[in-house]
Trainee: 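Please see the structure below; I have some questions.
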Amino acid sequence: MQIKNWGFVFIVGVVLAVLSACGTGATEADGEETSSGEQQVLEMGTSADFPPFESLNEDGEFVGFDIDLAHEIAEELGYELEISDMNFDGLIGALQSNRVDMVLAGMSATEERQENVDFSPAYHHSGEMFITQEDSDITSIEDIEGKTVGVQLGTIQEEGAQALQEEYDFEIHAVDEATNIIQDLLTNRIDVGYMDTTVAEGYIEEQGLAGFEDPTEASPGMAIAFPKDSELQEDISAVIEQFLEDGTIAELEEKWELDEQ
């Protein structure tokens, strides 16, 4: 009987040791190393179809303004950064289910999104732009009447297009990825695309397209999104404020040729 009791104690001890060795995630570790000397992982979600903010290069590596900013944040706080690529309209859900710790994806901090997630201070301001084929007769917002406008699902541009429908009668064609808007435009499945100004300008130059700015209103600034009541929100927001003050973000904007609106 005594031998059996010692066996039970040994098994319990092994179980407790295994449990204590398991990581608890970035939000509980504040970027410190684990007892094994490994850095805690900061899980970031993005939608890598939004150059120059986030995209994949020829080697399948994440590149862009948001990607560089995320690496700067992780280095400042002592985390190892891991990035997951997903559709833009799935990013909020990924935060709510705690599959990622934060989202950097050119996401605007709208009032509607703030009901479901928390945001950092805005780190970049942009605007919206309509993009057309070079020989298109659509040259102003009045010309979108009766046309088909392409937008990306879950974006502020989708919300903006829905609001514009109240004044202008047009059809909305929503797609999963921003690149699909350009493909649909080039193959005449849509008449005009509606997207972030910086992204649109890149496609205009790359594809020989044309476009004009949305004159109706400026969008809210882009910000980092977190699950509600995330322990990371305060620390990362402080880093964003620091980077805005010390010129880190300005340097990244210059590197990626972003025009502040």
Side-chain angles (χ1 to χ4, degrees), residues 25-33 39-57 61-86 88 91-92 94-95 98 100-111 113-114 116-128 155-156 178 196-199 201-202 218-261:
T27 55
E28 296 181 9
D30 287 336
E32 296 179 359
E33 293 185 353
Q39 284 181 300
Q40 287 295 302
V41 173
L42 180 62
E43 294 277 1
M44 167 186 156
T46 195
S47 182
D49 60 346
F50 200 57
F53 294 96
E54 42 268 327
S55 61
L56 296 171
N57 64 16
E61 300 167 333
F62 291 101
V63 295
F65 173 83
D66 283 341
I67 306 303
D68 283 356
L69 179 58
H71 280 291
E72 292 281 356
I73 291 168
E75 182 177 353
E76 181 70 21
L77 294 176
Y79 288 111
E80 177 187 347
L81 182 68
E82 288 190 2
I83 304 174
S84 298
D85 187 23
M86 58 192 74
F88 189 90
L91 291 170
I92 297 294
L95 288 170
N98 292 308
V100 295
D101 299 309
M102 66 177 186
V103 161
L104 272 86
M107 183 175 285
S108 299
T110 64
E111 291 183 4
R113 288 175 181 152
Q114 289 180 43
N116 298 303
V117 298
D118 290 333
F119 282 99
S120 71
Y123 59 80
H124 180 76
H125 290 80
S126 193
E128 275 64 60
T155 63
I156 190 173
D196 174 88
T197 296
T198 304
V199 177
E201 289 174 342
S219 64
M222 296 177 181
I224 303 172
F226 305 90
K228 278 290 186 182
D229 302 317
S230 167
E231 296 178 11
L232 285 169
Q233 194 266 355
E234 183 176 351
D235 288 343
I236 292 179
S237 292
V239 172
I240 291 295
E241 294 282 10
Q242 174 188 324
F243 285 172
L244 287 167
E245 292 178 8
D246 66 18
T248 299
I249 286 178
E251 290 177 4
L252 293 179
E253 288 174 336
E254 182 177 357
K255 172 184 175 180
W256 292 100
E257 299 180 349
L258 304 185
D259 295 322
E260 189 78 7
Q261 301 295 314

Trainee: Distance from Ile249 atom CD1 to Gln242 atom CD, nearest 0.5 Å?
Mentor: 10.0 Å
Trainee: Using a 4.5 Å cut-off on heavy atoms from C-beta on, say whether the side chain of Thr46 contacts that of Val100.
Mentor: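 Sidechains of Thr46 and Val100: no contact.
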Trainee: Are Phe62 and Leu56 close enough that some pair of their side-chain heavy atoms sits under 4.5 Å apart?
Mentor: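 Sidechains of Leu56 and Phe62: in contact.
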Trainee: Would you please name every residue forming a ring pair (Phe, Tyr, Trp, His ring centres under 6.0 Å) with Phe88, sequence neighbours left out?
Mentor: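 Expected list: none.
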Trainee: Kindly determine whether Ser120 and Glu241 satisfy side-chain contact (heavy atoms from CB on, under 4.5 Å), including the steps that lead there.
Mentor: CA-CA 9 Å; Ser120 71; Glu241 294 282 10; over 6 Å; no
Trainee: What's the verdict on side-chain contact (heavy atoms from CB on, under 4.5 Å) for Glu61 and Ile67, showing C-alpha distance, side-chain angles and the deciding distance?
Mentor: CA-CA 10 Å; Glu61 300 167 333; Ile67 306 303; over 6 Å; no
Trainee: Might you point out which heavy atoms bring Ser126 and Thr198 nearest each other, and give the distance in Å?
Mentor: OG-OG1, 3.5 Å
Trainee: Answer yes or no: is there a side-chain heavy-atom contact under 4.5 Å between Leu232 and Leu42?
Mentor: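 Contact flag for Leu232/Leu42 side chains = yes.
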Trainee: Does the side chain of Glu54 come within less than 4.5 Å of Ile83's, by heavy atoms?
Mentor: no
Trainee: Would you name the heavy atoms of Ala178 and Asp49 that are closest together and state the gap between them?
Mentor: N-OD2, 3.0 Å
Trainee: Hey, what do you get for CG (Asn116) to CG (Leu95), rounding to the nearest 0.5 Å?
Mentor: 10.0 Å
Trainee: Of all residues at least two apart in sequence or in a different chain, which pass the side-chain contact (heavy atoms from CB on, under 4.5 Å) check with Val63?
Mentor: Ser55, Asn57, Trp256
Trainee: Take atom CD of Gln114 as the centre, draw a 6.0 Å sphere, and report whether it contains more than 12 heavy atoms from other residues, nucleotides or ligands.
Mentor: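 Enclosed.
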Trainee: For the residue pair Ala225 and Val117, what are the closest heavy atoms and their distance?
Mentor: CB-CG2, 4.2 Å
Trainee: Anything under 30° is parallel, anything over 60° is perpendicular, the rest tilted; go ahead and classify Phe65 against His124.
Mentor: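 Rings of Phe65 and His124: tilted, 30 to 60°.
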Trainee: Rounded to the nearest 0.5 Å, what separates atom CG in Asp101 from atom CE in Met44?
Mentor: 11.5 Å
Trainee: Just so I know, are the side chains of Tyr79 and Leu81 near enough to count as touching, which here means a heavy-atom distance under 4.5 Å?
Mentor: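 Tyr79 vs Leu81: side chains apart.
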Trainee: Report yes or no: does Thr197 contribute a side-chain atom to a donor-acceptor pair with the main-chain N or O of Glu128 at less than 3.5 Å?
Mentor: yes
Trainee: Closest approach of Pro121 and Ile240, non-hydrogen atoms and distance?
Mentor: O-CG2, 3.9 Å
Trainee: Which value, rounded to the nearest 0.5 Å, describes the distance between Leu104 atom CG and Ile224 atom CD1?
Mentor: 4.0 Å
Trainee: Working to the nearest 0.5 angstrom, can you tell me the gap between Met102 CE and Asp118 CG?
Mentor: 15.0 Å
Trainee: Looking at side-chain heavy atoms only, is the closest gap between Ile73 and Phe243 below 4.5 Å?
Mentor: yes
Trainee: Locate the shortest heavy-atom distance separating His125 from Gly221; write the atom from each residue and the value.
Mentor: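 Heavy atoms of His125 and Gly221 come nearest at CD2-CA, 3.5 Å.
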Trainee: Is the shortest heavy-atom distance from the side chain of Ser84 to the side chain of Glu43 under 4.5 Å?
Mentor: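 Of all side-chain heavy-atom pairs linking Glu43 with Ser84, at least one is under 4.5 Å.
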Trainee: Output the distance between atom CG (Leu258) and atom CG (Leu252), rounded to the nearest 0.5 Å.
Mentor: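 If I round to the nearest 0.5 Å, the distance is 9.0 Å.
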Trainee: Which atom pair, heavy atoms only, marks the closest approach of Pro220 to Thr110?
Mentor: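 Reported closest heavy-atom pair: CG-CG2, 4.0 Å.
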Trainee: Run Val239 and Asp235 through side-chain contact (heavy atoms from CB on, under 4.5 Å) and show every step you take.
Mentor: CA-CA 6 Å; Val239 172; Asp235 288 343; 5.8 Å; no
Trainee: Mind checking what makes side chain to side chain donor-acceptor pair (under 3.5 Å) contact with Thr248, not counting sequence neighbours?
Mentor: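 Side chain to side chain donor-acceptor pair (under 3.5 Å) check on Thr248 returns Asp246.
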